[in-house]
Amino acid sequence: MHLTSLGPKPSPIPIQIHLKTSQRTAFRKTPTGVDLANPLLLLSHQAASVMGGGQKRGRTQRRHFKQNRDNVWKHNPNKAPPAAQPSGGPTVENPTEENPTWQPFATQNPGFDEYYKEQRIVGQEEWDEFISTLRKPLPAAFRINASAQFSEDIRSQLEKEFAKSLEAEANNENGEKAIRPLPWYPGNLAWQLNFSRMQLRKNQALERFHEFLKQENEIGNITRQEAVSMVPPLFLNVLPEHHILDMCAAPGSKTFQLLEIIHGCTKPGQLPDGLVIANDVDVQRCNLLIHQTKRMSTANLIVTNHEAQHFPGISMGGDGQVEKSQLLFDRVLCDVPCSGDGTLRKAPDIWRKWNAGMGNGLHCLQVAIAMRGLALLKVGGRMVYSTCSMNPVENEAVVAEILRRCEGSVELLDVSNELAGLVRRPGLKTWKVRDRGSWFTTYKDVSVQRRSAIVQSMFPSCQSWKETVNEGAMNHLTEGSVNEEPRESDASAKLGEMEVSVLPLERCMRIVPHDQNNGAFFIAVLQKISPLPANHSINKQTKSKQRDGGRMSAKLEEESEIQKAESVLEINTDSKIIEENTETISEKKDQEAVPLSDNNDSKIIEEKTETISEKKDQEAVPLSDNNDENGVQIGKTDNRKRKLQMQGKWRGVDPVVFFTDETIINSIITFYGVSANFPLAGHLVTRNDESTNVKRIYYVSRSVREILELNLQVGQRLKITSLGLKIFERQTVKDEAACAYRISSEGLQLLFPYLTKQILYAPFSDFEHLLKYRAVKFVDFVDSTLGQKASALLPGCCVVVLHQVGNNSTDLKADASTIAIVCWKGKSNLSIMVSPSDAKELLERLEIRLGKKDVTASVKVLEESVLLEDDSVVPPHDVEPVNTTENMEEEVTI
C-alpha cells in the first residue's frame with residue numbers, strides 16, 4: 001500500500017535551547033571538537049556525556065568546579081567591599097576611582113547589633129569593647145598532644161626558644177605576650193599566639209615558627225584548634241575507661257582531644273579500656289574526620305556516618321527480659337550544628353550573611369540531637385551541650401527544653417569551680433525571639449501563621465509547654481478569622497512583659513570574645529540521674545498541631561524555614577572549609593538538611609526490654625525487610641529513602657570483617673616473634689571480605705571488638721566508615737619474603753614492646769644515615785657489627801631502634817624514650833619505610849633531645865627530598881633501589 005503525499009513536507013519545528021551562562025562557558029572551554037555554535041550538536045554532546053559517552057568527573061574534580069571562596073582577609077585592590085561602595089563610589093568595573101575608606105572586609109551588620117543589644121548578651125557599658133573585639137582577627141592557638149612521644153620536648157622548645165624569638169614581633173598594644181600558655185588548660189599543653197593565622201602565613205619573620213606549626217600538626221604532635229573549642233571536652237571529666245560518643249564530630253579536633261585524654265595514662269604497648277565513637281552525618285566530612293584522627297594512631301576509635309538525632313541504639317536481650325548487652329555511653333559530647341556567629345573573628349564573611357532567622361531554623365534540630373544524646377547516656381553519665389553561637393534561642397532555649405522534657409531525670413550541673421582561670425559568664429534567664437522584624441516575648445503573641453516556625457520551646461517560660469491546646473479552639477478558625485501577624489510597633493509595646501525562666505540556666509556558661517581575646521562559645525554540662533521518662537522525645541505542642549491538621553499556609557512557612565535552615569548549614573559548612581585548608585579548628589558539624597519543624601523528634605524511647613528496644617531502634621534506623629542472618633528480627637519500614645541505605649549491610653561502605661586467616665596470623669607471629677602477651681586473635685579486622693586479597697589489617701582494642709561483635713549480632717546497625725589502627729600491610733616485592741606483611745609505621749609503637757625477632761639496634765651515626773639517605777648498604781654502615789647483624793636477618797620487614805649511649809641492647813625495654821623506625825631488609829641493604837616528612841621531623845627532634853649539632857645538615861638534605869614531586873629520595877649510586885613507597889592514606893571507601 002502506497003501513501004500519497006497530500007502536500008509539501010512540513011517545515012521542521014524550530015527547537016529553542018536555553019543554556020545557562022555557566023553551561024555555555026563550560027562548553028567553550030571543553031576541547032572536544034564540538035561545534036559550539038550549533039545547539040543541536042551541543043545538546044547531543046550533553047546527552048552522550050550523561051549516557052556515559054563523555055568524560056566523567058570524580059569527587060575531587062567535582063569539588064574544584066564549585067565556586068571558589070574569596071579570601072576575605074586579603075586585600076584586593078580591584079574589589080571593594082559592600083560597605084565601601086556608596087553611590088558614585090568605586091566599583092569593580094571602575095577600580096580607578098578613589099576609595100579612601102577601603103576595608104579588608106565588611107564587619108558591620110545593623111541587624112546583628114540590634115539583635116544582641118536587645119538580648120543583653122553583654123552590658124551596655126561593654127558593648128563597644130565587645131563589638132570591636134569581634135571585628136579583629138582571631139589569634140591562632142594550638143594544643144600539644146600529651147600522648148605524643150616528643151610532647152615534653154615540644155613544650156620545652158616553646159618555653160625556651162620560641163617565646164623569646166617571637167617577642168620581638170609581637171603586637172603588644174594590649175600588653176599580651178607573643179606566645180603564652182592558656183592558663184585554664186591543664187599542664188601548659190594549650191598555647192595561644194598574639195598573631196592571627198594570616199599574620200603567621202604572611203610575615204617573613206614568623207616563617208620558621210609557621211613551618212614548625214605545620215610540620216608538627218601534620219605529624220600529630222600538636223593540633224591547631226581555636227582556644228574556646230578546647231573547652232567542652234574538658235568539662236566531660238573523661239577517664240581512660242569511659243565509652244564516649246562524639247555526636248557531631250567533624251572535622252575532628254575535639255575527637256582528637258578526647259583520644260588524647262583516654263590515652264594519657266597508658267604506657268607503650270598498652271591500650272585504654274575506653275573508646276570514642278565519632279559520628280558525622282556527612283560522608284565527605286567523615287573522611288576529613290578520619291584524616292584528622294589518623295595522626296593519633298589509636299585502636300580505640302570508631303567513625304560512624306549517621307544523622308545525630310537518629311543515632312541507632314544497639315541492645316541485645318533474651319526472651320523478653322532485660323537486655324544482656326546494650327550500647328550506652330559514659331560521656332556524650334553534643335557539639336551541635338549552629339549559626340556560628342561566635343566564629344566571626346575567623347570567618348568574617350558571616351557578618352554579611354547573618355540574620356536572626358538562622359538560629360530559629362536550627363532550634364528544633366538542636367533539641368532533637370541533644371535528646372538523642374541523653375537517651376544514649378548511662379545513668380550517672382555526663383553530657384556536654386555546646387555551640388559556637390551567641391544566640392539564646394540556640395543555647396539557653398535548647399537547654400531549657402531539654403530539662404522540661406526530661407522532667408527531673410537530668411540535672412544541669414554547676415561547674416563554675418572547674419577550670420580555674422577560664423573567664424566565663426552565667427547563662428541568661430530571659431530573652432526574646434525575633435521573627436521577620438518583630439520581637440516576641442511570649443508564645444501567645446506569635447500569629448497562628450508563624451507557629452510552624454516559631455515554637456513554644458524558644459521562649460524562657462515553661463508554662464506554655466505544660467498547657468494542652470484545646471482541639472476545638474482551632475477548628476472554628478477560618479482564613480478570615482486568623483489573626484494578622486503582629487506589627488513591630490505592637491510587639492515593641494509588649495516588651496515589658498518579659499518571661500523569666502524558673503530553671504537554673506545561670507549554670508550554663510557563656511564565653512565572650514573580649515574577656516580573654518578569643519572566640520565566643522556556649523557550654524552546658526548535664527548529668528543523667530535517672531532513666532528518661534517514656535515520652536521524653538515527644539513535644540506536646542507537636543502532638544496538638546498534628547491533631548489540628550496541616551494548614552496550607554503553615555506548610556508553606558515550614559518549607560521556607562527548611563530552606564532557611566539549609567542555607568544556614570551551608571554557611572556553616574563554608575566556614576569550616578576555611579579551617580580545613582589550614583587548621584582543623586572548631587566546628588559546627590552535622591549538615592543535616594532535614595525539616596526543622598516541631599515534628600523532628602527522634603521518637604526513640606530508652607530501651608527497657610528486647611521488644612521495646614528493637615521497635616525503637618527500627619524507628620531510628622530502618623532496616624531491611626528480611627530477618628538478619630543472626631536471628632534478630634528486623635521490622636519493616638515504609639520509608640523507601642532510608643530503606644536504600646541498609647539492606648543487611650550498608651550500601652557503598654566497605655564491610656568490617658574479622659580477620660581469621662590462621663595461616664597468615666601464624667606466619668606473622670613466627671616471623672616477628674610476637675609475644676603471647678599481645679593478643680592478635682579476635683583483634684584483627686579488615687575492610688575486605690575476600691581473605692585472599694587483604695591488603696591492610698587493622699588492630700582494634702577490646703572495647704571496640706565488643707561493640708563490633710554486638711553490632712554484627714543486631715544486623716550491623718552502625719554504619720562504620722573507619723575503625724582501629726593499621727598494624728600490618730601487604731608489601732609487594734620482587735623476591736618472595738618469609739612474611740608478606742610488614743609492620744605499619746602507625747602500629748609500631750603499639751606492637752614493638754612485644755617483638756622478639758627482626759630487631760636491630762643502631763648507633764646514632766647509622767640511624768642518622770638511614771633517615772638521611774633512606775637506603776644504606778650493609779657494608780656502608782659505620783658500625784660493622786650492625787651490617788653483619790642486618791645481613792643475618794630474614795628478608796623482609798624489620799625494626800631499627802636507636803641505641804642511645806648507656807643502654808645495653810640485650811636488656812633494652814620499650815618506654816617513652818625509645819625511638820624506632822620500620823625498615824625493609826633487602827639482599828644487600830636496609831631501606832626505611834618512613835615518609836620524608838616524618839624522617840625530617842624525627843631528625844629535628846633528635847637534634848633537640850640529643851644535642852647533635854650535625855643533624856642540621858641532614859635536615860636540609862631531607863627538606864630538599866620533601867620537595868621532590870614524587871616524595872621519594874634518590875638513594876646513593878651504589879645503593880640497590882628498593883620499593884619503599886608507603887601508602888600513607890587510610891583505606892576508606894564509602
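Treat the numbers as computed from the prediction; the structure is a model and nothing was measured.
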Item to check | Atom pair NZ (K346) and CG (N518), whose distance is rounded to the nearest 0.5 Å | outcome: 11.5 Å
Item to check | Point-to-point distance, once rounded to the nearest 0.5 Å, from CD1 of I290 to CG of L723 | outcome: 9.5 Å
Next on the checklist: Would K254 and D246 count as a salt bridge (charged side-chain N to carboxylate O under 4.0 Å, His left out) here? Give the steps.
Outcome noted: CA-CA 8 Å; K254 294 185 183 68; D246 191 350; over 6 Å; no
Next on the checklist: Set out, in order, the CA-CA distance, both residues' side-chain angles and the distance that settles side chain to side chain donor-acceptor pair (under 3.5 Å) for N391 and Y116, then state yes or no.
Outcome noted: CA-CA 8 Å; N391 194 340; Y116 283 113; 4.7 Å; no
Checklist entry - Which atom names give the shortest non-hydrogen contact between L327 and L710, and what distance separates them? => result N-CD2, 4.3 Å
Next on the checklist: Counting only heavy atoms not in R425 (residues, nucleotides, ligands), do more than 12 fall under 6.0 Å from its CZ?
Outcome noted: yes
Checklist entry - Are L236 and P232 side-chain neighbours, meaning at least one heavy-atom pair lies under 4.5 Å? => result no
Checklist entry - Are R451 and Y443 in a cation-pi contact, defined as NZ or CZ under 6.0 Å from the six-membered ring centre and within 45° of the axis? => result yes
Checklist entry - Taking side chain as C-beta onward, heavy atoms only, is S703 less than 4.5 Å from H243? => result yes
Item to check | Side-chain donor/acceptor of R382 to backbone N/O of F235, under 3.5 Å | outcome: yes
Next on the checklist: Under a plain distance cut-off of 3.5 Å, with no hydrogens placed, do H363 and E394 share a side-chain donor-acceptor pair?
Outcome noted: no
Checklist entry - Would a distance-only check, ignoring hydrogens and angles, find a side-chain to backbone donor-acceptor pair under 3.5 Å from E499 to S461? => result yes
Item to check | M458 to A453 - nearest heavy-atom pair and separation | outcome: CE-O, 3.3 Å
Next on the checklist: Nearest 0.5 Å, please: how far is CG in N711 from CG in L718?
Outcome noted: 4.5 Å
Checklist outcome for this item: C406 and L532 have their tightest heavy-atom pair at SG-CD2, 3.8 Å
Checklist entry - Do you know the tightest heavy-atom contact between E396 and L428? => result OE2-N, 2.9 Å
Checklist entry - Can you find a heavy atom in the side chain of F521 that is under 4.5 Å from one in the side chain of E226? => result no
Checklist entry - Would you say the side-chain atoms of H306 pair up with the backbone N or O of D280, donor to acceptor, closer than 3.5 Å? => result no
Item to check | Considering all heavy atoms, the nearest M230-Q225 contact | outcome: CE-O, 3.3 Å
Checklist entry - So do the side chains of H310 and R372 get within less than 4.5 Å of each other, counting heavy atoms only? => result no
Checklist entry - So, H263 and T298: side-chain donor and acceptor under 3.5 Å apart, yes or no? => result yes
Checklist entry - Are the side chain of R702 and the backbone of D273 linked by a donor-acceptor contact shorter than 3.5 Å? => result no
Item to check | Whether E506 side chain and K429 backbone form a donor-acceptor pair below 3.5 Å | outcome: no
Next on the checklist: Contact between F311 and T304 at the side-chain level, heavy atoms closer than 4.5 Å - yes or no?
Outcome noted: yes
Next on the checklist: Is the shortest side-chain heavy-atom distance between M509 and V231 below 4.5 Å?
Outcome noted: no
Checklist entry - Between the main-chain N or O of T223 and the side-chain N or O of Q292, is there a donor-acceptor pair closer than 3.5 Å? => result no
Next on the checklist: Test your reading of the model: is there a side-chain donor-acceptor pair from D341 to the backbone of L344, 3.5 Å cut-off?
Outcome noted: no
Item to check | Rounded distance (nearest 0.5 Å) linking atom CG of D414 with atom CD of E411 | outcome: 9.5 Å
Checklist entry - Any side-chain heavy atom of K378 sitting closer than 4.5 Å to one from F329? => result no
Checklist entry - Knowing that exactly one of W439, F440, Y115, F459 qualifies, which makes a side chain to side chain contact (heavy atoms under 4.5 Å, CB included) with K432? => result W439
Checklist entry - Please walk me through it: do T721 and N305 pass side chain to side chain donor-acceptor pair (under 3.5 Å)? => result CA-CA 7 Å; T721 62; N305 177 216; over 6 Å; no
Checklist entry - Taking the side chain from R120 and the backbone from K117, do they hold a donor-acceptor pair closer than 3.5 Å? => result no
Item to check | Residue pair L377, D330: steps toward the side chain to side chain contact (heavy atoms under 4.5 Å, CB included) verdict | outcome: CA-CA 6 Å; L377 185 65; D330 302 283; over 6 Å; no
Checklist entry - Distance from I262 atom CD1 to E241 atom CD, nearest 0.5 Å? => result 10.5 Å
Checklist entry - Does the side chain of S389 come under 3.5 Å of the side chain of S339 through a donor N or O and an acceptor N or O? => result yes
Next on the checklist: Nearest 0.5 angstrom please: S253 OG to D335 CG, how far?
Outcome noted: 8.5 Å
Next on the checklist: Check whether N300 reaches the backbone of G274 with its side chain - one donor and one acceptor, N or O, closer than 3.5 Å.
Outcome noted: yes
Next on the checklist: The test is side chain to side chain contact (heavy atoms under 4.5 Å, CB included); show your working for C388 and C338 and say whether it passes.
Outcome noted: CA-CA 7 Å; C388 58; C338 68; 3.5 Å; yes
Item to check | Polar side-chain atom of R424 near backbone of L422 as donor-acceptor pair, under 3.5 Å | outcome: yes
Checklist entry - Taking all atoms of both residues into account, what is the closest heavy-atom pair of T293 and G252, and its distance? => result CG2-O, 4.4 Å
Item to check | Check: S409/K528 side-chain N/O donor and acceptor closer than 3.5 Å | outcome: no
Item to check | Test item: N279 and E307 side chains (from C-beta on) under 4.5 Å apart, heavy atoms | outcome: no
Next on the checklist: Determine whether M296 and S147 satisfy the following criterion, side chain to side chain contact (heavy atoms under 4.5 Å, CB included), listing intermediate values before the conclusion.
Outcome noted: CA-CA 9 Å; M296 185 65 194; S147 61; 2.9 Å; yes
Next on the checklist: The test is side chain to side chain contact (heavy atoms under 4.5 Å, CB included); show your working for I523 and V384 and say whether it passes.
Outcome noted: CA-CA 7 Å; I523 303 164; V384 168; 3.8 Å; yes
